[in-house]
A.B. asks: 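After the structure tokens below, expect a handful of questions from me.
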Amino acid sequence: MARPSNFHAHLVDRLGREIVAGQVGLDGPLPREDELCTRYGVSRTVIREATKTLQALGLIVTGPRVGSRVQPVSAWRLLDPQVMGWMTDADMASGFQRDLLELRGMIEPTAAGLAAERGTDEQIAEITAAMAAMTAAGDKPAHQTADYRFHEAILEASGNLLLIQLRPILQAVLKASFGLSMHDLERAKASLAIHRVVTDAIVARDPERARRTMAELIAVARADMENAARTKTEAPKSAGKPTTIDQRETSNAASRRKVGLTRA
């Protein structure tokens with residue numbers, strides 16, 4: 001993943017990732033401004049602007065004489081694409097994965113049913129075009145781009161203005177979901193069959209089948225996530241290399257952050 005080029009965006013990205021991973025501010029307060037300036041090699045102005053951005057994202061709160069403190073996970077703007085990206089990259093708790101899939105389960109089957117019922121010929125053609133692009137994709141990025149478009153086209157075809165307004169949220173949710181379940185092009189291609197069944201149901205204008213098959217598609221994503229989690233758990237630890245004290249402390253911090261997320 002490319003990193004931002006300017007100092008402010010780079011520091012926001014780095015601090016956000018470290019907060020989410022439990023590497024900084026785990027016990028509440030962030031280090032003092034002068035410590036952050038030394039650690040990251042930037043000015044106080046850059047530190048202050050970065051903390052303002054993180055405060056807007058809900059990760060921290062700043063007050064007089066108390067400095068900046070990390071907020072509970074429940075206060076974070078979890079649907080912001082940047083925050084969700086940090087969460088996914090940090091391999092957060094399984095409870096977060098569950099919440100992602102539950103949100104998709106609330107939105108997408110309903111949208112698919114409405115698309116089958118209300119979608120115009122042009123909107124349904126866009127869904128089938130996205131399906132064709134997924135089938136023809138030669139690499140994982142191309143497949144994901146087509147997959148995003150497939151799901152967005154279904155929202156647009158639903159004819160429900162409120163569902164259509166959820167497109168940015170759905171894209172953030174899908175990005176996190178794909179990051180957790182779709183690890184290579186082979187695995188991505190394996191999901192084509194269920195996407196095609198959803199497409200066929202919408203083209204046939206069968207709302208009930210569209211809802212049911214979209215729910216089945218999300219169940220496939222759930223199974224992929226669970227398999228990925230099991231594979232990671234069963235993987236050998238660092239190819240037999242001894243774990244350093246710093247590595248153990250980082251692992252323990254992340255584990256404690258996961259507990260906080262699960263309880264949020």
Side-chain angles (χ1 to χ4, degrees), residues 79 81 84-85 88 97-231:
L79 293 177
M84 189 165 289
T88 304
Q97 299 176 20
R98 176 205 64 204
D99 293 347
L100 285 174
L101 290 168
E102 287 179 350
L103 183 59
R104 289 187 65 185
M106 295 173 195
I107 297 172
E108 294 191 80
T110 296
L114 291 174
E117 183 178 350
R118 303 175 179 173
T120 66
D121 290 343
E122 292 78 10
Q123 288 170 331
I124 292 178
E126 182 64 27
I127 295 170
T128 59
M131 181 71 242
M134 271 193 285
T135 303
D139 55 35
K140 181 180 171 183
H143 186 282
Q144 287 190 352
T145 297
D147 207 342
Y148 287 141
R149 186 56 197 149
F150 175 82
H151 291 275
E152 288 180 347
I154 290 175
L155 281 188
E156 291 166 2
S158 73
N160 183 299
L161 291 176
L162 296 177
L163 283 176
I164 294 170
Q165 288 290 311
L166 294 176
R167 280 180 302 181
I169 293 175
L170 180 62
Q171 186 172 70
V173 170
L174 287 172
K175 180 180 179 182
S177 182
F178 292 166
L180 292 164
S181 65
M182 193 182 298
H183 300 287
D184 52 44
L185 183 61
E186 181 180 355
R187 183 56 231 156
K189 291 289 188 182
S191 69
L192 286 176
I194 186 64
H195 281 81
R196 191 169 291 109
V197 174
V198 174
T199 303
D200 291 345
I202 293 173
V203 169
R205 296 195 176 276
D206 186 337
E208 180 54 38
R209 185 156 63 99
R211 280 190 289 268
R212 185 178 68 253
T213 53
M214 179 61 82
E216 291 170 1
L217 188 157
I218 295 170
V220 168
R222 181 187 300 275
D224 284 346
M225 286 186 183
E226 291 171 350
N227 289 336
R230 279 196 298 270
T231 299

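Owing to the predicted nature of the structure, the values given are computational and were not obtained by experimental measurement.
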A.B. asks: Begin from the C-alpha positions of T135 and H195 and carry the test side chain to side chain contact (heavy atoms under 4.5 Å, CB included) through to its verdict.
C.D. replies: CA-CA 10 Å; T135 303; H195 281 81; over 6 Å; no

A.B. asks: Give a yes or no answer on whether the side chain of R118 reaches the backbone of A115 with a donor-acceptor pair at less than 3.5 Å.
C.D. replies: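 Between the backbone of A115 and the side chain of R118 there is no qualifying donor-acceptor contact (under 3.5 Å).
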
A.B. asks: Less than 4.0 Å between a side-chain N and a carboxylate O, is that true for E108 and R211?
C.D. replies: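 Between E108 and R211 there is no salt bridge, as every charged N stays at least 4.0 Å from the carboxylate O atoms.
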
A.B. asks: Can L79 and L103 be said to form a side chain to side chain contact (heavy atoms under 4.5 Å, CB included), step by step?
C.D. replies: CA-CA 11 Å; L79 293 177; L103 183 59; 3.9 Å; yes

A.B. asks: Rounded to the nearest 0.5 Å, how far apart are CE of M84 and CD1 of I169?
C.D. replies: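 So the CE of M84 and the CD1 of I169 are separated by 8.5 Å.
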
A.B. asks: To the nearest 0.5 Å, tell me how far T145 OG1 sits from F150 CZ.
C.D. replies: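 Between atom OG1 of T145 and atom CZ of F150 there are 15.0 Å.
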
A.B. asks: State whether D121 and R205 are salt-bridged, where the test is any N-O pair (Lys NZ or Arg NE/NH1/NH2 against Asp/Glu carboxylate O) under 4.0 Å.
C.D. replies: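 Judged by the 4.0 Å cut-off on N to carboxylate O distance, D121 and R205 do form a salt bridge.
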
A.B. asks: Take D147 and L174 through the test side chain to side chain contact (heavy atoms under 4.5 Å, CB included) and record every step on the way to the result.
C.D. replies: CA-CA 9 Å; D147 207 342; L174 287 172; over 6 Å; no

A.B. asks: Give, for atom CG of L166 and atom CG of L155, the distance between the pair rounded to the nearest 0.5 Å.
C.D. replies: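 Nearest 0.5 Å value for the CG-CG distance: 7.0 Å.
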
A.B. asks: If you round to the nearest 0.5 Å, how far is CD1 of I124 from OG1 of T120?
C.D. replies: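 So the OG1 of T120 and the CD1 of I124 are separated by 7.0 Å.
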
A.B. asks: Working to the nearest 0.5 angstrom, can you tell me the gap between L114 CG and I154 CD1?
C.D. replies: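 It is 11.5 Å, given to the nearest 0.5 Å.
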
A.B. asks: Nearest 0.5 angstrom please: I218 CD1 to R222 CZ, how far?
C.D. replies: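 I218 atom CD1 to R222 atom CZ measures 9.0 Å (nearest 0.5 Å).
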
A.B. asks: Take H151 and M214 through the side chain to side chain contact (heavy atoms under 4.5 Å, CB included) test and state the conclusion after the steps.
C.D. replies: CA-CA 10 Å; H151 291 275; M214 179 61 82; 4.2 Å; yes

A.B. asks: Could you please spell out the steps behind the side-chain hydrogen bond (donor to acceptor under 3.5 Å, both in side chains) verdict for D139 and H143?
C.D. replies: CA-CA 6 Å; D139 55 35; H143 186 282; over 6 Å; no

A.B. asks: Applying the side chain to side chain contact (heavy atoms under 4.5 Å, CB included) test to T213, which of V198, T199, I202, D206 qualifies?
C.D. replies: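 Looking at V198, T199, I202, D206, the match for T213 under the side chain to side chain contact (heavy atoms under 4.5 Å, CB included) is V198.
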
